[in-house]
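Note on naming: letters A, B, ... go to the chains in the order of the sequence lines (proteins, then strands), and numbering restarts at 1 for each one. All values reported here derive from a predicted model rather than from experimental measurement.
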Number of protein chains: 2
Amino acid sequence: MGLEVMRHRDLNPHVSVDCVIFGFDNVDLNVLLIEREEGYIEENANNNAQPARGSLALPGDHIREDEKLDQAAARVLKELTNLDNIFLEQFHAFGHPNRAKNEADRQWMKSVRAEPDARVITVAYFSLVRLEMYNPKASSFAKHAAWFPVSSIPELAFDHNLIVRRALEALRNQLKNEPVGFELLPPKFTLSQLRRLYELILGTELEKRNFRRKILKKNFLVPLDEKQKGVPHRAARLFTFDKDKYESFKTDKYDFSI
Amino acid sequence: MGLEVMRHRDLNPHVSVDCVIFGFDNVDLNVLLIEREEGYIEENANNNAQPARGSLALPGDHIREDEKLDQAAARVLKELTNLDNIFLEQFHAFGHPNRAKNEADRQWMKSVRAEPDARVITVAYFSLVRLEMYNPKASSFAKHAAWFPVSSIPELAFDHNLIVRRALEALRNQLKNEPVGFELLPPKFTLSQLRRLYELILGTELEKRNFRRKILKKNFLVPLDEKQKGVPHRAARLFTFDKDKYESFKTDKYDFSI
DNA sequence: ACAAAAGTGTTTAATTTACACCCATGT
DNA sequence: ACATGGGTGTAAATTAAACACTTTTGT
């Protein structure tokens, strides 16, 4: 029994999970994409290795026959980033009969799937990670992964461009209802970093003073006696996120506004 | 080729859709449940025929190989209620490996499924209908369907009790973000009916005057020169819902609150 | 007449918005 | 010295919350 077959043995060929993993680098909101196995590497003008166009996809895989959907997503996330999941939310199932639309997709499925012609429904999750904690170039797993700014995502396999768009909408929706996204920031962060992140996710500008007042009133950010270092301007105070206070904030606030 | 086989021919045995159909009768929020095929009818103390305990389930079925998930849900809704879908929203996929947990579930699957042992992932939708428009007793299709108040749902097949709970949460969430649920009311309705509906979905009481002011300010309810009739108290003015104004309200309000 | 829900305004508190200048730091 | 982002307060407008009595209708 070859490796391929072993790999397939307990996978359900009809259902997969895909993860839209967001990362924040203080400038852009990024999505983690992987290069499909038979893909090749092109070098661009800056001499950075870049996965070739069309061979990029979201990290995802078929579920195992004996695992729950959430477990499958967590497993994939772990396999691809080696991080335990910080935040992982199912947001939509995608099942267009022709998700594997083009020849490249079908070829790829033939090479790696037990039942390449099976229709696949995928259950999509999004996840937030600290970009600094997952450097694809340095990591031994997933050498063929890279961060891409959400504002310039290349053409992806299957319906993954759609999935990314919907993930962003889901994240935005989440943020409209409850403050979220601390998983995207380092343990100690400035309010400007947080504000920039919010602006990116929401796609709007937020007024500095009002943002500060409103977010601090919620009482789950604790100011540290510590400041930024090495910045060419007045150093900002660092804050940290108090998960317990956050939870009690969330249960308090309900808040069924009509 | 027998009927059974024909029925199964183009169904995907691995993926189903389930619909949580909410209906409002001015008193309770109800869910439409169907009796599974081999089920029997018990008469209760009031002499009303009631589907027998344990044989009840959400309306749902496997998807066809050539249809999208949303189409499948719409088709099932149409097949079971004969109504074109008024509002239909995917809210979650359920895929616990042991969804068909007990003997009754497995027996039933053996009797009606092409691959009774296949693991099934179900994609759940919720839908709002006017209860008055769908009287299961009078209808020729789905004779074995009945409305059950969400506050007293009996034990259902598979994980359908869980699915109903999650559907209610999804509906509640939706209502927190945007006024919704007009599909549950008759074309002409009073503000008290609307308020009662909101209270049911949200699980809170809403103050009469404030509710009225707030909902009317949104400008998508139009007052009619018409009143209730035959009520043993002052007749309430009837309102109707203006879909166009509602849409412009929705696009206006964005409203990315931090 | 009475029971039952409809309808109506005001006051107070809380929240939101808009807005401009000085401060600390690295180069 | 200068460029850069950090940090701060207030006034005005809007929105939310609490609250009680009169009206209409059927019985």
Could you check how far [atom1] of [X] sits from [atom2] of [N], rounded to whole Å?
X	N	atom1	atom2	answer
B/R196	C/dA4	CZ	C1'	11 Å
A/F211	D/dG5	CZ	C1'	16 Å
B/L191	C/dT8	CG	C1'	13 Å
B/Q193	C/dA5	CD	P	13 Å
B/L194	C/dG7	CG	P	13 Å
A/R195	D/dT8	CZ	C1'	14 Å
A/R237	C/dC23	CZ	P	18 Å
B/E205	D/dC19	CD	P	14 Å

Which residue, B/F249, B/Y246, B/F189, forms the ring pair (Phe, Tyr, Trp, His ring centres under 6.0 Å) with B/F241?
B/Y246

I want to check something: taking the side chain as every heavy atom from C-beta on, are [X] and [Y] in contact at a cut-off of under 4.5 Å?
X	Y	result
B/P179	B/L194	no
A/Y125	A/V20	no
A/L33	A/H160	no
A/L128	A/F24	no
A/L184	A/L29	yes
A/R196	A/E199	yes
B/I215	B/Y198	yes
A/F91	A/Q174	no

What does the list of N/O pairs under 3.5 Å between the protein and nucleotides 23-27 of chain D look like, with a distance for each?
residue: D/dT23; atom: O2; partner: B/R234; partner atom: NH1; Å: 3.2
residue: D/dT24; atom: O2; partner: B/R234; partner atom: N; Å: 2.7
residue: D/dT25; atom: O2; partner: B/P232; partner atom: O; Å: 3.4
residue: D/dT25; atom: O2; partner: B/H233; partner atom: N; Å: 3.3

Write down the atom of B/A145, the atom of B/I34, and the distance for their closest heavy-atom approach.
CB-CG2, 3.9 Å

Short heteroatom pairs, N/O only, protein and nucleotides 15-19 of chain C, under 3.5 Å:
residue: C/dA18; atom: N7; partner: A/N210; partner atom: ND2; Å: 3.2
residue: C/dA18; atom: N6; partner: A/N210; partner atom: OD1; Å: 3.4
residue: C/dA18; atom: N6; partner: A/R213; partner atom: NH2; Å: 3.4
residue: C/dC19; atom: N3; partner: A/R209; partner atom: NH2; Å: 3.4
residue: C/dC19; atom: N4; partner: A/R209; partner atom: NE; Å: 3.3

Pair B/E169 + B/R165: basic N to acidic O under 4.0 Å:
no

Categorize A/S192 for me: base, sugar-phosphate, or nothing, with a 4.0 angstrom heavy-atom threshold over every strand shown.
sugar-phosphate

By nearest-nucleotide position on DNA chain C, the 5'-leaning member of B/Q228 and A/K208 is B/Q228

Writing each nucleotide of DNA chain D 5' to 3' as (, ), [, ], | or . by Watson-Crick or G-U pairing under 3.5 Å yields |||||||||||||||||||||||||||

